[in-house]
Amino acid sequence: MPGSPVLTDRPAGTWTDDVARSRRRVRPWRVVAGALLALAAFLLGHFLVTNERLEWDVVGDYLFDPSVLSGLGTTVWLALAATAIGAVVGALLAAAQLSDFAPVRWAATLYIGVFRGIPPLVQLIFWFNLAYLLPRISLGVPFGPEFASWDANDVITPVTAAVIGLSLVESAYMAEIIRGGLLGVEQGQRDAARAMGLTPAQTFFRVVLPQAMRVIIPPGGSQFISVLKGTALVSVIAMADLLHSVQVIYNRTYEIVPLLIVACLWYLAVVTLFTFGQRRLERHFSRGHTPAAHVRRPKHIPDGKHTPDGKHIPDGATA
């Protein structure tokens, strides 16, 4: 029949012999791409080593400067605080979005749309200037007596403005990440837990949440890294983070590039450290969900009385 494969009679084991004697096919474009990458790496290394304007001696002098380390600590704790608050608020928003009560679902959707749509830098500047709209911040009954009142300029400092601004942005993104993770758990898992007599709380914490974490952690970790790098924005409101610390130094010494390299090195070091931690969490929550491509399978010897290396197997024997 036209187009049908042609079958030929071949001695037993010859198909296996062909596979055993086959060699990896040479792909010229991969060789070219590898050579180009090696050349680019060499040129970059040569530039970094030989360019005197990078002033590596200045970088070494300021890498462990006390003011730089203090700014680094501020950057890390600010990112941790914004992520913690954002995760808690984001979890509540995710629950609200999954609620069957429409007004709560609409309010959560509006919140997420607003704080994801406004750039973080604009939000930081807005919260830093909140005293213009609210000269005093008070607690009390609406349109009734006040229990306590504070001057807004005393409350909204660069620290509080940074925490509020970054936390609100983070909560909007974390809400979508958590919602996606919860929706990624099949309904059958909940039905099975209910059939076993588990309460809704037990079903969530023992069945749904462990499986959802496998989906939540990778984008959640990436979002934390984005917040860590995004803390550089708080330098515009004069908060002493890592970038602001090196700016203060190079405004005095005019050694701009070396001090920016110092900031880059610390950002890379911290991000790399937290990335390792994220990978460990991913492996922990991915136990039992290893992709099939990563599972090692035993070698299968086809019918032909030959092993993959071409050795003959006697009848009735196993490899």
Side-chain angles (χ1 to χ4, degrees), residues 76-117 120 163-228 230 270-298 300:
V76 173
W77 81 254
L78 180 59
L80 291 173
T83 301
I85 297 173
V88 173
V89 177
L92 297 176
L93 291 171
Q97 281 195 301
L98 297 175
S99 172
D100 55 359
F101 186 49
V104 172
R105 189 170 63 251
W106 296 339
T109 302
L110 178 62
Y111 177 101
I112 293 171
V114 169
F115 288 103
R116 281 204 310 174
V163 172
I164 292 173
L166 294 177
S167 298
L168 292 177
V169 175
E170 177 71 0
S171 65
Y173 283 98
M174 286 302 299
E176 291 297 278
I177 292 172
I178 295 173
R179 183 177 70 91
L182 295 176
L183 291 176
V185 180
E186 297 180 358
Q187 182 61 34
Q189 299 288 326
R190 298 177 175 87
D191 295 339
R194 192 181 304 113
M196 294 176 63
L198 297 181
T199 64
Q202 290 175 327
T203 299
F204 179 78
F205 287 105
R206 295 185 181 182
V207 178
V208 176
L209 185 59
Q211 297 184 65
M213 290 297 290
R214 180 171 56 91
V215 181
I216 292 172
I217 287 179
S222 298
Q223 185 60 31
F224 169 75
I225 291 174
S226 297
V227 173
L228 181 64
V270 175
V271 167
T272 302
L273 179 63
F274 280 107
T275 299
F276 285 140
Q278 176 189 344
R279 294 289 186 266
R280 291 183 63 87
L281 282 176
E282 289 180 14
R283 287 195 297 269
H284 174 75
F285 285 100
S286 295
R287 291 179 300 179
H289 297 275
T290 305
H294 294 165
V295 178
R296 299 186 63 181
R297 297 185 176 89
H300 171 68

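One-based numbering along the sequence shown.
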Asks: Starting at CD1 of Ile216, measure out to CG of Leu182 and round the result to the nearest 0.5 Å.
Replies: 5.5 Å
Asks: Enumerate the side chain to side chain donor-acceptor pair (under 3.5 Å) contacts for residues 193-202, please, sequence neighbours excluded, ordered by first and then second residue.
Replies: Asp191-Arg194, Thr199-Gln202
Asks: Return the OG to CG distance between Ser167 and Leu78, rounded to the nearest 0.5 Å.
Replies: 8.0 Å
Asks: Give every residue pair that meets the salt bridge (charged side-chain N to carboxylate O under 4.0 Å, His left out) criterion with at least one member in residues 177-189, sequence neighbours excluded.
Replies: Glu176-Arg179
Asks: In chain order, what residues pass the ring pair (Phe, Tyr, Trp, His ring centres under 6.0 Å) check against Phe115, with sequence neighbours excluded?
Replies: Tyr111
Asks: If you apply the rule side-chain contact (heavy atoms from CB on, under 4.5 Å), what do you find for Val208 with Arg190, and how did you get there?
Replies: CA-CA 7 Å; Val208 176; Arg190 298 177 175 87; 3.7 Å; yes
Asks: Minimum heavy-atom separation for Leu166 and Ala82, please, with both atom names.
Replies: CB-CB, 3.8 Å
Asks: Would you name the heavy atoms of Met174 and Gly86 that are closest together and state the gap between them?
Replies: CB-O, 3.8 Å
Asks: Measuring from atom CD1 of Ile225 to atom OG1 of Thr272, what distance do you get when rounded to the nearest 0.5 angstrom?
Replies: 8.5 Å
Asks: Considering non-hydrogen atoms only, spot the tightest contact between Ala94 and Ala175 and give its length.
Replies: CB-O, 3.6 Å
Asks: Minimum heavy-atom separation for Leu93 to Ala108, with atom names?
Replies: O-CB, 3.9 Å
Asks: Who passes salt bridge (charged side-chain N to carboxylate O under 4.0 Å, His left out) against Glu282, sequence neighbours left out?
Replies: Arg279
Asks: If you round to the nearest 0.5 Å, how far is CZ of Arg214 from CZ of Arg283?
Replies: 16.0 Å
Asks: Using modelled atom types only, decide if a donor and an acceptor are shared between the side chain of Ser171 and the backbone of Leu168 within a distance under 3.5 Å.
Replies: yes
Asks: Just jot down the ring pair (Phe, Tyr, Trp, His ring centres under 6.0 Å) partners of Phe204, sequence neighbours excluded, or say none.
Replies: none
Asks: Walk me through it: do Leu183 and Leu98 pass the test side-chain contact (heavy atoms from CB on, under 4.5 Å)?
Replies: CA-CA 9 Å; Leu183 291 176; Leu98 297 175; 3.7 Å; yes
Asks: Does any non-hydrogen side-chain atom of Ser226 lie less than 4.5 Å from one of Glu170?
Replies: no
Asks: Within this structure, what is the CD-OG1 distance for the pair Gln223 and Thr83, rounded to the nearest 0.5 Å?
Replies: 8.0 Å
Asks: Output every pair passing salt bridge (charged side-chain N to carboxylate O under 4.0 Å, His left out) with a member in residues 196-209, not counting sequence neighbours, ordered by first then second residue.
Replies: none
Asks: Within a reach of under 6.0 Å around CH2 of Trp106, are more than 12 heavy atoms found that belong to other residues, nucleotides or ligands?
Replies: no
Asks: Which pair of non-hydrogen atoms, one from Ala212 and one from Val185, has the smallest distance, and what is that distance?
Replies: N-CG2, 3.8 Å
